[in-house]
Amino acid sequence: MPSGKMRVAVIGGGVAGLVVARHVVARPELYDVCLFEQTDKIGGTWVYTDETELDRNGLPVHSSMYKNLRTNLPKEIMQIPDFPFAEKKGPSFVHHSVIRQYLEDYAQHFELYPHIKLNHLIEHVEPEKLANGQVIWQVSYLDLATRIRERRTFDAVFLCNGHYTVGNVPEIEGVESFPGAKIHSHQYRQPEQYAGKSVCILGASWSGIDICLEVHKHARRVYISHNLAQELDVKIASNVDERPGIERCEGSTFYFRDGSSAQVDVLIYCTGYHFTYPFLSDKVRLSTEDNHVEPIYKHLVHMDWPSLFFMGLPAIVIPFPMFHVQAQFLLAVLEGRARLPPRELMYQEYEAEKQSLLKEGVALRHINKMCKRQWAYYDEIAKAAGCPAFKPVVRKIYEHCNKMRDMDFTTYKNYMYRIVDDENFEVAPCKGLC
Ligand code: FAD
């Protein structure tokens with residue numbers, strides 16, 4: 001650590017940034033922290049807006065939240081361990097506004113606002129090596145209210161800028177001749193606007209299924225088209241047809257890979273997102289090719305710049321409590337309580353894990369999907385940080401909920417969970433509450 005207080009920049013005021021700030025703010029004797037948020041609110045993707053293009057600052061809308069979204073994880077396991085939801089009863093899969101309020105309460109409770117600069121867009125982050133070998137970070141930002149540009153120096157930078165904003169849009173032969181509306185799920189807001197329309201949803205992962213479940217109630221017909229190895233287990237509704245991927249389109253006619261075709265009015269791409277760090281200097285040498293971010297150790301630390309930290313890389317995890325453990329691990333690294341291996345060893349370890357996953361047939365772009373690997377990961381970084389790992393009941397609820405979703409993704413949110421103790425939980429149907 002530098003001789004004085006360590007200067008920490010946090011980029012982004014979503015959950016990840018708030019959790020990092022909460023732990024840094026708790027050690028005022030060690031750190032000075034500034035959290036930069038480009039919008040006028042904290043909460044990141046949980047801040048719903050009807051806008052789909054530009055926000056009030058004239059920047060591309062960040063949030064991909066849609067009007068009716070209910071969480072896909074029960075609140076009992078989404079909650080951050082040191083800040084449980086005040087409301088213990090009621091539905092487990094809550095409306096997004098409940099999460100937004102929870103994050104507001106979190107920021108108030110841990111007195112984060114004095115350290116947050118809203119309406120501040122980070123434009124450039126550049127490392128500088130001093131003669132003594134120490135690395136510092138020059139962080140340039142624009143105050144969107146005054147339009148004044150400034151630059152400040154930091155010792156460590158946490159990148160918490162989110163990764164559900166820049167949509168991945170695969171090429172489709174002939175799509176330029178399609179006269180209907182084309183949107184990405186990032187721009188999807190509410191189902192009523194598809195009343196009477198024939199809608200093709202491309203992609204059957206979380207957002208594809210979720211959007212299909214609400215759009216079909218208004219649309220005339222919905223085609224859910226995907227390249228999954230297997231057909232969906234559940235027939236969603238009589239006006240929903242499952243189709244393989246789109247081969248090409250000619251005007252309003254879509255041709256699918258099984259030779260079938262359909263007349264379509266609206267195409268909704270539910271085809272994922274890209275990791276982007278547009279403000280990062282080229283000096284950092286970061287690759288995001290095939291949506292795989294490297295070279296990052298333990299999904300957190302840039303191996304060439306070990307004071308540059310990446311939050312939010314792992315997918316298929318329990319994000320909020322994961323951020324809680326990750327933040328504590330990174331502070332332990334900064335304070336020397338946890339030691340990173342030498343650079344060469346970090347590279348070796350990272351490459352070995354990557355190669356073994358590739359050999360197992362995991363595509364490069366899916367390496368960040370932790371699934372079953374998440375539990376060992378939480379245990380490992382919690383141990384290194386000297387903080388508690390996840391309680392066994394969290395994993396049990398997660399696995400129960402996954403099983404229920406696998407059985408029927410149309411009904412799994414109709415259940416309520418209750419934590420009994422660190423090991424046990426109860427689950428019951430919602431009976432009209434959900
Ligand atoms: P974000 O919430 O995206 O926050 C990033 C912040 O960085 C934003 O406020 C943004 O304005 C700011 N920012 C970006 N660039 C800059 C810049 N240059 N300068 C300053 N500020 C910047 N997770 C769950 O646990 N349960 C769910 O049910 C769930 N549902 C989801 C539904 C949808 C539709 C989506 C998109 C995601 C969902 N997730 C869910 C995942 C969710 O993204 C994570 O839980 C979590 O909110 C990610 O937080 P984050 O802080 O990493 O990113």
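Scope of the values below: all heavy atoms of this structure, side chains included, with no hydrogens, waters or symmetry mates. Start at 1 and go down the list; that is how both ligands and their atoms are numbered.
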Any atoms of ligand 1 less than 4.0 Å from a non-hydrogen atom of [X]? List them with their elements.
| X | result |
| --- | --- |
| I122 | 17 (C), 18 (N), 19 (N), 20 (C) |
| T39 | 11 (O) |
| L69 | 32 (C), 34 (C) |
| S64 | 34 (C), 36 (C) |
| F279 | 18 (N) |
| T71 | 28 (O) |
| F320 | 45 (O) |

[X]-ligand 1 polar pair, N/O distance under 3.5 Å:
| X | result |
| --- | --- |
| M65 | no |
| K41 | no |
| N72 | yes |
| R70 | no |
| T45 | yes |
| G17 | no |

(request) Check step by step if ring-ring contact (aromatic ring centres under 6.0 Å, His included) holds for H184 and Y273. (result) CA-CA 10 Å; H184 188 275; Y273 291 87; 4.9 Å; yes
(request) For atom 38 (C) of ligand 1, state which one of W46, W206, F36 supplies the nearest heavy atom. (result) W46
(request) Compare Y141, Y164, Y66 and give the one whose heavy atom is closest to atom 37 (C) of ligand 1. (result) Y164
For [X], state whether at least one heavy atom is located under 4.0 Å from any atom of ligand 1.
| X | value |
| --- | --- |
| G312 | no |
| H62 | yes |
| H120 | yes |

Ring geometry between [Y] and [X] (parallel below 30°, tilted from 30 to 60°, perpendicular above 60°):
| X | Y | answer |
| --- | --- | --- |
| F93 | Y412 | perpendicular |
| F83 | H109 | tilted |
| Y141 | H120 | tilted |
| H302 | F310 | tilted |
| Y277 | F275 | parallel |

(message) Checking I77 against Y417 for the side-chain contact (heavy atoms from CB on, under 4.5 Å) test, could you report, in this order, the C-alpha distance in whole Å, the side-chain angles of both residues, the deciding distance, and whether it holds?
(response) CA-CA 9 Å; I77 61 170; Y417 291 85; over 6 Å; no
(request) Step through it carefully: locate the ring centre of F309, locate the ring centre of F158, and say whether they are under 6.0 Å apart. (result) yes
(request) Could you tell me which residues satisfy salt bridge (Lys or Arg N to Asp or Glu O under 4.0 Å) with K354, sequence neighbours excluded, listed by chain and number? (result) E294, E351
(message) Here's one to test your reading of the geometry: is the NZ or CZ of K41 within 45 degrees of the ring axis of W46 and under 6.0 Å from its centre?
(response) no
(message) How far is atom 24 (C) of ligand 1 from the closest protein heavy atom, and which atom is that?
(response) M78 CE, 3.7 Å
(message) Please list the nearest protein heavy atom to atom 52 (O) of ligand 1 with its residue and the distance rounded to 0.1 Å.
(response) A16 CB, 3.7 Å
(request) Tell me which part of C160 gets within contact of ligand 1: side chain, backbone, both or neither, using heavy atoms under 4.0 Å. (result) backbone
(message) Could you tell me if the side chain of N291 sits less than 4.5 Å from the side chain of N168, heavy atoms only?
(response) no
(request) Could you tell me whether the side chain of E242 and the main chain of L232 form a donor-acceptor pair under 3.5 Å? (result) yes
